[in-house]
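Below, chains carry the letters A, B, ... as their sequence lines are ordered, and counting in each starts from 1.
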Amino acid sequence: MTLVRPPTLRDLIKAYGSIEEVVKHLINSGFTPEDISWKFKLPYYLIRLYMEGFKPRSRVLFSTVTKVYDRLALLRSRRGKETELLKFFKREDLSLDVKVRLALGRITDENLKIGEGIIEKALCAATGVAPKRVRDLFIDYGEYGEVASMLIRPKEPKLTVDEVYEAIRIIPKLERVYERVLHISSLLQNSTPDEARYIVRLLLNDLKLGYRQETVTSAIARLYGVPAELLERVSAIIGLVEGLTMAPKGEAELSKIRIRPGQFLKPQLAHIYDPDKVSYPARVEYKYDGSRLQIHRWGSQVRLFSRRGIEKSSTLPEVVDIAMGFKAQSCIVDCEVIAVGEDGTFLPFQYLLERTVPRELPTEELRERMRKVRLTIKAFDILYLNGVVLLDMPLRERRRFLLEVVPAEYLAEGVDCEDEVALMRFYNEALKRGLEGVIVKDLNSPYELGRRTYTWLKIKPERDTVDCVIVKALYGKGKRAGLYSSFLMAVRDPKERKLYTIGKVSNLPDEVMASLSSKLERIKIGEDKEGIYVKPMIVAEVTYQEIQETDEYTSGYALRVPKIIRFREDKTVEEIDDVDKLRRLYELQYERYPVK
DNA sequence: ACTGATGCGTC
DNA sequence: GTCGGAC
DNA sequence: GTCCGACGACGCATCAGT
């Protein structure tokens with residue numbers, strides 16, 4: 001009896017013709033990708049690539065791209081970065097969409113479901129380094145790309161752009177956490193420190209190269225000789241990557257891109273109110289505490305989009321019904337969707353999330369939620385009507401069409417104000433009626449896709465303030481590495497010497513953060529993986545937009561949109577506010593501003 | 001079957 | 001949603 | 001003036017782990 005040698009990979013390739021066929025055959029015979037990786041000493045990511053039918057097209061090394069990234073990181077000026085990008089886009093050995101995506105640091109529009117947690121696991125798996133040490137490096141450098149480049153061993157670069165690019169694109173197909181970890185760690189094991197830095201950054205959608213997307217746009221516009229404004233507009237309509245990759249078709253083709261219902265448009269946004277920026281007469285409307293919704297209707301078709309373009313049509317059927325009642329053949333309407341009780345009163349924002357967050361729900365569950373949280377809309381703009389694009393029309397004229405299309409009960413309430421006195425009168429009335437505030441709009445302004453403009457200004461009230469004390473300081477990330485950049489605040493027990501947490505605050509100026517950080521080090525009394533615990537003695541006055549009930553903090557309450565107003569060096573921890581005051585403020589907030 | 005970790009999208 | 005800060 | 005990164009709370013989805 002002769003011993004049969006197990007077939008080598010070489011044998012199998014000979015038998016099946018190609019490595020791709022071998023992998024397919026082995027998977028069909030019941031082997032897992034892990035088995036195959038183990039048996040033939042093949043990197044896990046390659047097996048997953050072959051399973052997805054990967055066919056290498058170009059042999060360009062990924063290290064040529066990381067060199068471009070490094071140069072971009074070093075260049076200081078916008079112009080310099082733009083020229084370097086232009087040089088990159090001139091390369092003919094890579095396709096334009098690959099180059100655009102590499103430049104934008106966004107390899108796919110799908111969700112990778114990769115965050116810092118999975119990167120940390122993958123780094124441990126790839127290097128055998130203990131999680132504690134990886135985390136410590138992360139605290140020091142504030143970013144996993146740099147950490148990866150420090151932990152990965154130098155080697156000859158051999159990854160190709162194709163491999164890296166496709167390996168990232170197939171990640172959405174890896175459902176299990178351990179699959180994603182194995183995939184990424186095998187990729188990192190086969191990369192150089194420089195490659196690892198940028199692979200991690202690509203996975204986290206953040207290249208940290210210090211240029212903006214408009215720099216990428218103008219580099220492409222320059223290369224293909226098309227106006228940057230046109231390219232921007234096309235990108236606003238069909239999407240950034242799609243728009244930029246159309247540039248070679250030239251100005252004539254780009255000009256043909258038209259807005260059509262069914263295709264999401266980036267909504268216009270508002271700035272904070274500044275009295276000097278208002279031009280009268282101004283349109284002033286209630287600001288409803290809801291979620292932005294863009295309604296597209298053409299014939300009997302309706303599509304709803306959230307602020308970032310997520311489709312919501314299937315979970316908001318009552319809004320679809322409302323849209324069916326619009327008096328138009330086709331239209332795109334901008335509105336706020338809000339939660340209302342059975343009596344028509346406004347419900348707090350938290351309730352709305354139960355309706356707007358889910359992506360899809362079983363019919364029964366959806367019905368139940370529809371009963372519990374009713375919805376209505378408040379429309380305030382119209383972008384398109386019966387084949388005509390209204391964007392460049394002044395608001396005054398767009399509103400005329402809006403009133404014809406949308407029934408009165410679904411329109412945002414407002415008035416035209418001649419001066420600041422009238423504005424403030426309407427604003428105060430809005431607060432009395434329980435609204436979030438008002439929006440002030442320039443009646444002569446066009447609708448500017450995707451831009452935050454001073455032609456729309458929001459006014460929201462200052463709420464009460466709470467004096468509280470820092471009990472914990474959390475490590476900053478990215479550009480705030482090495483500092484404590486967010487602070488856990490607490491209030492007193494009314495009787496005993498106890499503290500109850502109420503949430504975290506951040507957003508301090510760099511200088512303040514720096515001096516605070518050293519102060520905190522001196523009163524440190526403990527630590528965990530997120531930051532340090534400190535002796536409660538730094539008192540701050542904090543304001544907020546709303547108090548919410550929560551299980552997250554020991555007081556039972558949390559502040560929505562918290563802000564530090566000032567530090568109270570005149571106050572000791574004995575003199576801060578207590579939980580009773582917080583409870584009173586919570587109960588008072590809807591009395592003083594009736595939710596109606 | 002439940003809880004926790006992780007990621008994502010709303011404000 | 002907020003803010004500060006780079007560009 | 002504009003954009004963007006670093007932050008806040010919340011609820012949901014999904015998988016990991018018991």
Check ion pair Arg48(A)-Glu179(A) (N to O, under 4.0 angstrom): yes
Short side-chain N/O contact from Lys563(A) to OP1 or OP2 of dG8(D), under 4.0 Å: no
Whole-Å gap separating C1' (dA9(D)) and CZ (Phe349(A)): 10 Å
Touch class at under 4.0 angstrom, heavy-atom based, for Leu353(A) against every strand present: base
Side-chain N or O of Arg307(A) closer than 4.0 Å to phosphate OP1/OP2 of dG1(C): yes
Phosphate OP1/OP2 of dG11(D): any Gln350(A) side-chain N/O under 4.0 Å: yes
Toward the 5' end of DNA chain D, by each residue's nearest nucleotide, Tyr178(A) or Val561(A): Val561(A)
Sugar-phosphate only, base, or nothing, as touched by Gly476(A) at under 4.0 Å among non-hydrogen atoms: sugar-phosphate
5′-ward residue of the pair Arg212(A)/Ile272(A) relative to DNA chain C: Ile272(A)
Any donor-acceptor N/O pair, Lys208(A) side chain to Glu143(A) backbone, under 3.5 Å: no
Phosphate OP1/OP2 of dA13(D) contacted by Lys113(A) side-chain N/O (<4.0 Å): no
Donor-acceptor contact below 3.5 Å, side chain Glu552(A) vs main chain Ala558(A): no
dG4(C) phosphate, OP1 or OP2, under 4.0 Å from Lys479(A) side-chain N/O: no
Sugar-phosphate, base or nothing in reach of Arg78(A), heavy atoms under 4.0 Å: sugar-phosphate
Nearest-neighbour nucleotide for the Arg480(A) side chain, dA16(D), dT6(B), dG5(D) considered: dG5(D)
Distance in angstrom units between Arg560(A) CZ and dA9(D) P, rounded: 13 Å
Sugar-phosphate only, base, or nothing, as touched by Thr550(A) at under 4.0 Å among non-hydrogen atoms: sugar-phosphate
Residue Arg176(A), side-chain atoms from C-beta onward, closest of dC12(D), dG5(D), dC15(D): dC15(D)
Sugar-phosphate, base or nothing in reach of Glu360(A), heavy atoms under 4.0 Å: sugar-phosphate
Sugar-phosphate, base or nothing in reach of Glu546(A), heavy atoms under 4.0 Å: nothing
Between P of dC7(C) and CZ of Arg79(A), the distance in whole Å: 17 Å
Separation of atom CG in Leu361(A) from atom P in dT14(D), rounded to whole Å: 10 Å
Value in whole Å for how far the P atom of dC8(B) lies from CD1 of Ile171(A): 11 Å
For atom CZ of Arg308(A) and atom C1' of dC11(B), their distance in whole Å: 10 Å
Nucleotide dG7(B), atom C1' - distance to CG of Asn111(A) in whole Å: 8 Å
Nearest-nucleotide 5' precedence on DNA chain C, Lys460(A) against Glu511(A): Lys460(A)
Residues within residues 443-456 of chain A bordering DNA chain D, heavy-atom distance below 4.0 Å: Arg451(A), Tyr454(A)
Sugar-phosphate, base or nothing in reach of Lys81(A), heavy atoms under 4.0 Å: nothing
Donor-acceptor pair, side chain of Ser485(A) and main chain of Arg480(A), under 3.5 angstrom: no
Contact nearer the 5' end of DNA chain D, comparing Gln548(A) with Glu179(A): Gln548(A)
Row check, Tyr557(A) ring normal vs Arg583(A) NZ/CZ: under 6.0 Å, within 45°: no
Candidates dG4(C), dT10(B), dG8(D) - which lies nearest the side chain of Ser291(A): dT10(B)
Proximity to the side chain of Val177(A) - top-ranked nucleotide from dG5(C), dC3(C), dA16(D): dA16(D)
Touch class at under 4.0 angstrom, heavy-atom based, for Arg355(A) against every strand present: nothing
Nucleotide dG5(C), atom P - distance to CG of Leu483(A) in whole Å: 12 Å
Cation-pi check, Lys81(A) onto Tyr211(A) ring (under 6.0 Å, within 45° of axis): no
Sugar-phosphate only, base, or nothing, as touched by Ile114(A) at under 4.0 Å among non-hydrogen atoms: sugar-phosphate
Sugar-phosphate only, base, or nothing, as touched by Gln545(A) at under 4.0 Å among non-hydrogen atoms: nothing
No-hydrogen, no-angle side-chain donor-acceptor test under 3.5 Å, Glu541(A) and Thr465(A): yes
Lys208(A) side chain near dA6(D) phosphate (N/O to OP1/OP2, under 4.0 Å): yes
Sugar-phosphate only, base, or nothing, as touched by Glu549(A) at under 4.0 Å among non-hydrogen atoms: sugar-phosphate
Main-chain N/O of Arg355(A) paired to Arg369(A) side chain as donor or acceptor, under 3.5 Å: no
Atom of Tyr553(A), atom of Thr501(A) and distance for their closest heavy-atom approach: CB-O, 3.3 Å
Electrostatic pair Lys87(A)-Glu84(A), nearest N-O below 4.0 angstrom: yes
Minimum-distance nucleotide (side-chain atoms of Ser485(A) versus dC7(C), dA6(D), dT6(B)): dA6(D)
Phosphate OP1/OP2 of dG11(D): any Thr356(A) side-chain N/O under 4.0 Å: no
Minimum-distance nucleotide to Glu354(A) side chain [options: dC10(D), dG11(D), dC7(D)]: dG11(D)
